[in-house]
Amino acid sequence: QVQLVESGGGLVQAGGSLRLSCAASGSIFSINAWGWYRQAPGKQRELVAALNSGGTTKYSDSVNGRFTISRDNAKNSVYLQMNSLKPEDTAVYYCNADDYALGSRSWGQGTQVTVSS
């Protein structure tokens with residue numbers, strides 16, 4: 001099992017930047033893919049960015065070119081750098097980790113990001 005703790009959310013003006021962090025502990029050696037999701041009020045949770053063990057990244061169309069997912073193996077952490085933030089980026093952001101062999105998916109508790117216009 002993997003434990004994930006997000007941090008770095010907050011209130012920022014449109015056009016600003018935030019960096020979210022996801023600290024991982026537990027059986028992280030078997031994780032195949034990492035992701036950042038978000039959920040706005042009244043909407044379904046959606047994938048924002050993903051990073052697999054081979055280093056391949058993918059982004060949703062709405063954040064491509066503005067957000068960057070990265071990982072620091074030494075710190076057992078995954079990051080989401082968010083630039084040029086827009087009010088529509090306002091949501092609770094969740095970190096997740098997938099272990100394909102076990103068929104398990106772990107989630108953090110979420111961190112609120114609010115972008116004011």
Side-chain angles (χ1 to χ4, degrees):
Q1 190 68 11
V2 176
Q3 294 77 47
L4 304 172
V5 179
E6 301 98 333
S7 61
L11 174 64
V12 64
Q13 288 188 331
S17 298
L18 282 175
R19 187 194 192 206
L20 305 184
S21 299
C22 173
S25 60
S27 302
I28 59 175
F29 59 90
S30 61
I31 296 302
N32 302 102
W34 302 85
W36 284 97
Y37 286 71
R38 68 185 181 188
Q39 187 167 18
K43 295 186 177 181
Q44 290 188 334
R45 191 172 296 189
E46 63 173 351
L47 175 67
V48 173
L51 171 66
N52 67 17
S53 56
T56 301
T57 58
K58 68 175 181 180
Y59 299 92
S60 67
D61 289 343
S62 60
V63 307
N64 195 25
R66 299 188 296 122
F67 290 10
T68 303
I69 186 172
S70 62
R71 179 181 177 187
D72 186 331
N73 292 331
K75 295 183 178 180
N76 293 333
S77 294
V78 177
Y79 305 98
L80 185 68
Q81 177 66 43
M82 306 186 295
N83 299 327
S84 301
L85 283 161
K86 304 176 181 180
E88 50 264 42
D89 295 319
T90 295
V92 178
Y93 284 70
Y94 298 89
C95 175
N96 95 300
D98 289 337
D99 185 324
Y100 296 159
L102 294 179
S104 68
R105 166 165 285 188
S106 303
W107 293 95
Q109 83 288 353
T111 185
Q112 176 71 46
V113 171
T114 303
V115 184
S116 63
S117 58

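Note that CG of N32 and CG of D99 are 5.5 Å apart. Values are rounded to the nearest 0.5 Å. Distance CD/Q3 to OG/S27: 8.0 Å, rounded to 0.5 Å. Atom CG of residue N76 and atom CD1 of residue I28 lie 3.0 Å apart, to the nearest 0.5 angstrom. Here the OH-CZ distance, from Y79 to R19, works out to 5.0 Å after rounding to the nearest 0.5 Å. One distance of note links OG1 of T90 with CD of Q112; it measures 7.0 Å at 0.5 Å rounding. Here the CH2 atom belonging to W34 is positioned 8.5 Å from the OG atom belonging to S106, to the nearest 0.5 angstrom.
Side-chain N or O atoms of E6 include one that pairs as donor or acceptor with a backbone N or O of Q109 at under 3.5 Å. Listed for the N96 side chain is a donor-acceptor partner under 3.5 Å among the backbone atoms of G35. Between the S77 side chain and the K75 main chain, a donor and an acceptor come within less than 3.5 Å of each other. The main-chain N or O of Y100 is never found under 3.5 Å from a side-chain atom of D98 such that the two would form a donor-acceptor pair. A donor-acceptor pair under 3.5 Å is absent between the side-chain atoms of Q81 and the main chain of T68, judged by distance alone. Side chain of Y59 to backbone of I69: a donor-acceptor contact under 3.5 angstrom is found.
Note: the hydrophobic cluster containing M82 does not contain L47 (ILVMFWY, side chain heavy atoms under 4.5 Å, direct or indirect links). A single hydrophobic cluster is seen to contain both L80 and L4, as judged by linkage of ILVMFWY side chains at heavy-atom distances under 4.5 Å, directly or through other members. Y93 and W107 sit in two unconnected hydrophobic clusters of ILVMFWY residues. Membership requires side-chain heavy atoms under 4.5 Å apart, directly or through other members. V2 and V78 end up in the same hydrophobic cluster when Ile, Leu, Val, Met, Phe, Trp and Tyr side chains are linked at under 4.5 Å. When hydrophobic clusters are built by joining Ile, Leu, Val, Met, Phe, Trp and Tyr residues whose side-chain heavy atoms come closer than 4.5 Å, directly or via intermediates, V115 is grouped together with L20.
Through side-chain heavy atoms spaced under 4.5 Å, either directly or across other Ile, Leu, Val, Met, Phe, Trp or Tyr residues, V5 is tied to no other residue.
The two residues C22 and W36 come nearest to each other via the heavy atoms CB-CZ2, 3.6 Å. Residues L11 and S116 approach most closely at CD1-CB, 4.3 Å, considering heavy atoms.
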Would you sort out whether F67 and S60 count as a side chain to side chain contact (heavy atoms under 4.5 Å, CB included), showing the intermediate values? CA-CA 9 Å; F67 290 10; S60 67; over 6 Å; no
Test side chain to side chain contact (heavy atoms under 4.5 Å, CB included) applied to V63 and R38, step by step: CA-CA 11 Å; V63 307; R38 68 185 181 188; 3.9 Å; yes
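Judged purely by distance below 3.5 Å, without hydrogens or angles, the side chains of N83 and S17 pair a donor atom with an acceptor atom.
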